[in-house]
Amino acid sequence: MLDRQAIADRLAETGYVADGGLATALALMDLLKRPLLLEGEAGVGKTEVAKALAAVHRTRLIRLQCHEGLDRADALYEWNYQRQLLAIKAREGADARESEAAVFQEAYLLERPLLAAIRQPVAPVLLIDEIDRADEAFEAFLLELLSDFQVSIPELGTITAVTIPRVILTSNNTRDLSDALRRRCLYHALDYPDADREARILIARVPGLDTALALQIARVMERIRKEDLSKIPGVAETLDWAAALVGMGVGRLDGDREAVFETLACVLKTREDRARMSRAVVERLIGKVA
Amino acid sequence: MTAGPAAAPEVDAEAIGPAVRRRLAGFVATLRQNGYRVGLAETKDAARLLATPGLERPAAVRQAFRALFCGRRSDVDGFDALFDAYWRGERVRQRVAVSGTAKASPQTRRTLAPAGGGGDAGAPVDLTTGDGAAPAGAPSGRREGASRAESLERTDFRHLADPAALAEAHALAGRLARVMRARLTRRNRAARRGSGLDLRRTVRASLATGGTPIRLVRRRPRHRPLRLVLLMDASGSMSLYTAVFLRFVHGVLDSFREAEAFLFHTRLVHVSAALKEKDAGRALDRLGLMAEGVGGGTRIGDSLATFNRWHAARVIHARTAVMILSDGYDTGAPERLGAEMAALARRCRRIVWLNPLIGWDGYAPTARGMAAALPHVDLFAPAHTLESLAALEPYLARL
């Protein structure tokens, strides 16, 4: 049974407003047991999807932030060397083989996100964030893990998944991912929400925001994103801005333009963008949505 | 392994009839024809989806198939049309064009490849377009060397009129690149010595000595490729230089692994995919096709603006070197070029500007566009002879 609407509704309860395509993809994750690859610009809310999914299933969110040079020691497991050294020192004179057996035990193992994710009693949501920043070798390793869900540690043996986590991968597209990984995953391209959906997100997430103002903010944001900016503001920026406006007691954008102009710092994060969105430009934008 | 996510009711792929299965196989074949990477596992999952209750409406099936079969944004863009054409019998378009798959046939016209003996072989005349500040200097003529290869090294590419000489220059550029690549890689290995300790291996090694780490294992720094972004002028006056340079770049590229290439003329074209072609000749062919059909002056400023706006965030990171190959004759406003160069310089680590005209006697970067760009350039070097290409090596090694 594939019930997209149920998933969309439950996401909405946690404050995430998903469109139909995303709800379908999330429903398919459970049905087909495939990871989901989310692609989109920074700030469209990729990471939020994972958080919301964890909230929906009332489970843990385990996050692996990828970066260049990420390797198994950071992502999978590492031995606790300090403790191992101490233990070896304490057993000085003992047989080398016994020492070895003693220090390569579970107690000396440090779990990193990927190992932790397959050893949870309740299936967690595993978020592999910005996979495009990791290098190709790691991507290949990840592909293997995602199909077998088992890890072999030479000193301990093979560890098989207790539960299969729901896996969400995100990519900003700074590097093209391999076809193998793309094929293994379900795919959804996230875009900036349209004004209507952004307004609903604002209403769900910002307490004390009235509907008319939310819609105005969302419409202005839609236009700001079309301006020639060096950093296009994401949904997080919109939320900050809305919270700031509510905090300053602004009721309508065209009511208190001074406050609007001052709080734009929440949205525009570089000097050039600030200069580009001059008072006149902002006035024009507000005029269009008022 | 127990299934974690909410125990899904097991759906049997056999539950769908043979007719539907055949239709599905046809759809998968259509997708593959259009460049989608679809495997057997996906087809099987699709069959399961068709047998799943709750997926009766075509729109719902389409959405589900889209998530399953698409792997990248370009897949998503064409998917709905393909789906509707196949399943709903709307006007069948057999092949929805997929960008970047243009096949290069041997007969294709080479725009960039040497037009051996063709009229534009020398073409310094074109250079006067734009600012009118044409370098009047006499070309630094061919020097007679001991061997033909040696003299070829020093010859300005535009003086290589006969096709044989040009072909030889191309071959030399390829060979030069291969040698240089080997050296660049070796240098990289030598530099790997002496950074942090690898604790995992050190502890492992210390077991034999009773836990006293006598043999220290050093962590070898991971090979961190610098990303090279190439912006190449494909205008008529530059086409000869660009062709040889491309051949050269095609050879060196492997030692960078991460590289992006763009051609510009009146507009910017992303050509990385073509450059990854294994065979140098085919790569040049494909590039030629991509640069075709553009006329009018060179708009360097506008092309850079396009790059900064649409590509820079994706292809440039902190360890990126940008290499621009152009004569600097811009028909756009010099202020624009200056501003875009400044924006580019802020983002990347280094900018190299290769200008073949430097090799000409009496050349000074006085063209207004070039003058505006120069303050933001880290290395301003010629690229008019094989020798000058070879001289780039120490710089590439340091990157």
Side-chain angles (χ1 to χ4, degrees), chain A residues 1-4 20-21 24-25 27-34 36-37 39 42 57 68-69 71 73 78-79 81 84-85 87-89 91-93 96 99-100 103 122-123 135 149-150 160-166 172-177 179 182-189 228 230 272, chain B residues 1-9 11 37-39 41-42 45 48-49 52-55 59-60 63-64 66-73 75-77 198-200 202-204 206-213 221-225 227 257-258 272 308-309 312-317 319 343:
Chain A
M1 181 69 194
L2 187 79
D3 202 347
R4 315 175 281 142
T24 304
L28 286 183
M29 277 177 76
D30 279 357
L31 186 71
L32 302 178
K33 309 262 180 317
R34 281 173 185 260
L36 172 64
L37 171 64
E39 238 175 20
H57 292 291
E68 219 174 289
D71 61 6
E78 182 70 303
W79 292 101
Y81 300 110
Q84 280 183 327
L85 282 173
I88 293 169
K89 273 283 170 211
R91 299 169 59 96
E92 206 145 334
S99 297
E100 176 166 349
V103 296
V122 179
D135 38 32
F149 287 103
Q150 62 179 30
T160 310
V162 182
T163 53
I164 307 254
R166 297 184 174 83
N172 281 336
N173 227 343
T174 56
R175 172 175 71 78
D176 200 10
L177 302 176
D179 281 327
R182 286 180 187 276
R183 206 163 59 198
R184 176 83 199 109
C185 297
L186 297 168
Y187 177 84
H188 183 72
D228 187 20
S230 60
E272 295 109 317
Chain B
M1 291 193 291
T2 50
V11 182
R37 309 286 177 111
V38 182
E42 284 73 41
D45 276 353
R48 275 182 62 189
L49 285 181
T52 306
L55 266 182
Q63 227 162 32
R66 194 192 305 145
L68 181 63
F69 286 131
C70 293
R72 51 186 74 235
R73 195 174 279 267
D75 289 351
V76 174
D77 292 340
D198 186 338
L199 269 175
R200 186 182 275 202
T202 304
V203 169
R204 206 74 168 88
S206 77
L207 284 175
T209 49
T212 314
R222 216 161 280 99
H223 176 61
R224 297 183 138 207
R227 187 175 283 179
R257 210 174 63 186
E258 286 190 20
S272 299
N308 282 336
R309 174 103 175 100
R314 193 175 56 81
V315 303
I316 290 191
H317 57 47
R319 286 197 336 285

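None of the values given here were measured: they were computed from a predicted structure. Proteins come first, then strands; the chains are lettered A, B, ... in the order of their sequence lines, and each starts at number 1.
Residues Arg184(A) and Glu42(B) are not paired through a salt bridge, judged by the lack of any N-O separation under 4.0 Å between the basic side chain and the carboxylate.
Of all the listed residues (Glu100(A), His188(A), Gln84(A)), the one sharing the greatest number of non-hydrogen pairs under 4.5 Å with chain B is Glu100(A).
Residues passing the side-chain hydrogen bond (donor to acceptor under 3.5 Å, both in side chains) test with Arg314(B): none are found, sequence neighbours excluded. With sequence neighbours left out, Arg72(B) forms a salt bridge (Lys or Arg N to Asp or Glu O under 4.0 Å) with Asp176(A), Asp179(A).
Within the 4.5 Å cutoff, no side-chain heavy atoms of Val38(B) are placed close to those of Arg183(A). Proximity of Arg34(A) to Leu68(B): side-chain heavy atoms (C-beta onward) are separated by under 4.5 Å at one or more points.
Heavy-atom distances place the side chain of Val76(B), and not its backbone, under 4.5 Å from chain A. Neither the backbone nor the side chain of Leu36(A) has a heavy atom closer than 4.5 Å to any heavy atom of chain B. Using a 4.5 Å cut-off between heavy atoms, Ala59(B) makes no contact with chain A at all.
The main-chain N or O of Arg73(B) is found under 3.5 Å from a side-chain atom of Tyr187(A) such that the two form a donor-acceptor pair.
Closest heavy-atom contact between Leu28(A) and Ala67(B): CD1-CB, 4.0 Å.
Heavy atoms from other residues, nucleotides or ligands lying under 6.0 Å from CZ of Arg37(B) number 12 at most.
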Given Arg4(A) and Gln63(B), is the side-chain contact (heavy atoms from CB on, under 4.5 Å) satisfied, shown in steps? CA-CA 10 Å; Arg4(A) 315 175 281 142; Gln63(B) 227 162 32; 2.6 Å; yes
